Amino acid sequence: MSEAAPGVVVRALTPQDVPALVRMEDALFGAGAWSARTLEEELVGPGRWYVGAQDAAAGTLVGYAGLWFDGFDAQVMTIGTDTAHQGRGIGRLLLSALLDRARTLGAGVVLLEVRVDNDPALRLYESAGFVRFGLRRGYYQPENADAWTMRLDLRGDEGEAR
Ligand SMILES: CC(C)(COP(=O)(O)OP(=O)(O)OC[C@H]1O[C@@H](n2cnc3c(N)ncnc32)[C@H](O)[C@@H]1OP(=O)(O)O)[C@@H](O)C(=O)NCCC(=O)NCCS
């Protein structure tokens, strides 16, 4: 049980979670939502690590997040909190699980993209130490929305130079 999000536990995701993930994806990402097939492939993809946030009392998934590690750096693939459960610390809990995993794997940096108008996610990432370093025009389709690229240097955690 987490102090940051009381009553919520982080656990590994399995293919049985895909229907619940599809429901959250559709609600959170609309036209840009991943399909059931993409989610199934992501859960077992090379270098992928996906976790869910589960409401311990109800036993239901209330959030999810995924990381890709390529042997050098890590990429936040997605993070989402069910709309009814946002603002309870679940996004922060999930992000911190991904960052712990990236450190355990020895990743040098963690990268991500975020829509330029996604204030909740931008604030979450910036409060975790991510900094903006580039702009990808039209990154999100079909909305044709721009993305900030962000990075968190984990080597800086230990004061090491690259
Ligand atoms: C981004 C998201 C995952 C945050 O999840 P959450 O569980 O609501 O986040 P938390 O309650 O853990 O809040 C963590 C921090 O995020 C920021 N944040 C969350 N909601 C916010 C809001 N509505 N406005 C501004 N900042 C917000 C704050 O910095 C907050 O820290 P604080 O509470 O100390 O101020 C959630 O809004 C979401 O699922 N959005 C839709 C999907 C999405 O855009 N994912 C990111 C793709 S890049």
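Along the sequence shown, residues are numbered consecutively beginning with 1. Note that ligands are numbered from 1 as they come in the structure, with each ligand's atoms numbered from 1 the same way. For clarity, every value in this text was computed on a predicted model and none was experimentally measured.
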Q) Given Leu28, Thr78, Asn118, which one has a non-hydrogen atom that is nearest to atom 44 (O) of ligand 1? A) Asn118
Q: Mind checking whether Tyr125 contacts ligand 1 via backbone (N, CA, C, O), side chain (CB onward), both or neither, at a 4.0 Å heavy-atom cut-off?
A: side chain
Q.
Under 4.0 Å from atom 2 (C) of ligand 1, can you find at least one protein heavy atom?
A. no
Q: Check whether any N or O atom of Gly91, backbone or side chain, sits under 3.5 Å from an N or O atom of ligand 1, and answer yes or no.
A: yes
(Q) Run the side-chain contact (heavy atoms from CB on, under 4.5 Å) test on Arg132 and Leu122 for me, step by step, so that the C-alpha distance in whole Å, both residues' side-chain angles and the decisive distance to 0.1 Å come before the verdict. (A) CA-CA 9 Å; Arg132 303 174 202 194; Leu122 273 165; 4.0 Å; yes
Q. Without hydrogens or angle criteria, can the side chains of Tyr140 and Glu113 be said to hold a donor-acceptor pair below 3.5 Å?
A. no
Q: Tell me which protein heavy atom sits closest to atom 42 (C) of ligand 1, plus the residue, atom name and distance to 0.1 Å.
A: Phe29 CZ, 3.5 Å
Q: Using a strict cut-off of 4.0 Å, indicate which atoms of ligand 1 neighbour a heavy atom of Leu124.
A: 14 (C), 15 (C), 16 (O), 17 (C), 29 (O)
Q: Name the closest protein heavy atom to atom 40 (N) of ligand 1, giving the residue it belongs to and the distance to 0.1 Å.
A: Gln86 NE2, 3.9 Å
Q) Purely on distance, is any nitrogen or oxygen of Arg88 under 3.5 Å from one on ligand 1? A) yes
Q.
Applying a strict under-4.5 Å side-chain criterion to I, L, V, M, F, W and Y, I'd like to know whether Tyr64 and Leu112 cluster together.
A. no
Q: Run down the list Met150, Glu113, Arg92 and name the one with the heavy atom closest to atom 15 (C) of ligand 1.
A: Arg92
Q | Any N/O pair His85/ligand 1 closer than 3.5 Å | A | no
Q.
With heavy-atom distances below 4.0 Å as the criterion, list the atoms of ligand 1 near Ala121.
A. 1 (C), 46 (C)
(Q) For Thr81, which part has a heavy atom under 4.0 Å from ligand 1: side chain, backbone, both, or neither? (A) both
Q: Taking atom 13 (O) of ligand 1 as the reference point, report whether a protein heavy atom occurs under 4.0 Å from it.
A: no
Q: Compute the shortest N/O to N/O distance between Gly87 and ligand 1 and return yes if it is under 3.5 Å, no if not.
A: yes
Q. Hey, any chance Leu99 and Ile79 share a hydrophobic cluster, counting ILVMFWY side chains that come within less than 4.5 Å of each other, even indirectly?
A. yes
Q) Taking only heavy atoms of Gly89, which atoms of ligand 1 are found under 4.0 Å from at least one of them? A) 10 (P), 11 (O), 12 (O)
Q. Quick one: does Val114 get an N or O within less than 3.5 Å of an N or O on ligand 1?
A. no
(Q) Tell me the protein heavy atom at minimum distance from atom 26 (N) of ligand 1, and give that distance in Å. (A) Arg123 CD, 3.5 Å
Q: Please confirm whether Ile79 comes within less than 3.5 Å of ligand 1 when only nitrogen or oxygen atoms on both sides are compared.
A: yes
(Q) Is the shortest side-chain heavy-atom distance between Arg92 and Ser127 below 4.5 Å? (A) yes
Q: Would you confirm whether any non-hydrogen atom of the protein falls under 4.0 Å from atom 33 (O) of ligand 1?
A: no
Q: Walk me through it: do Leu39 and Leu13 pass the test side-chain contact (heavy atoms from CB on, under 4.5 Å)?
A: CA-CA 11 Å; Leu39 286 159; Leu13 289 175; over 6 Å; no
Q: Evaluate whether atom CZ of Phe72 has more than 12 neighbouring non-hydrogen atoms of other residues, nucleotides or ligands under 6.0 angstrom away.
A: no
Q.
Residue-level breakdown please: for Arg115 versus ligand 1, do any non-hydrogen atoms fall below 4.0 Å on the side chain, on the backbone, on both, or on neither?
A. neither
Q | Trp34 atom CH2, neighbour heavy-atom count above 12 within 6.0 Å | A | yes
Q) In terms of residue, atom name and distance, what is the protein heavy atom nearest to atom 23 (N) of ligand 1? A) Pro120 CG, 3.7 Å
Q) Considering only heavy atoms of Gly80, which atoms of ligand 1 have at least one such atom less than 4.0 Å away? A) 39 (O)
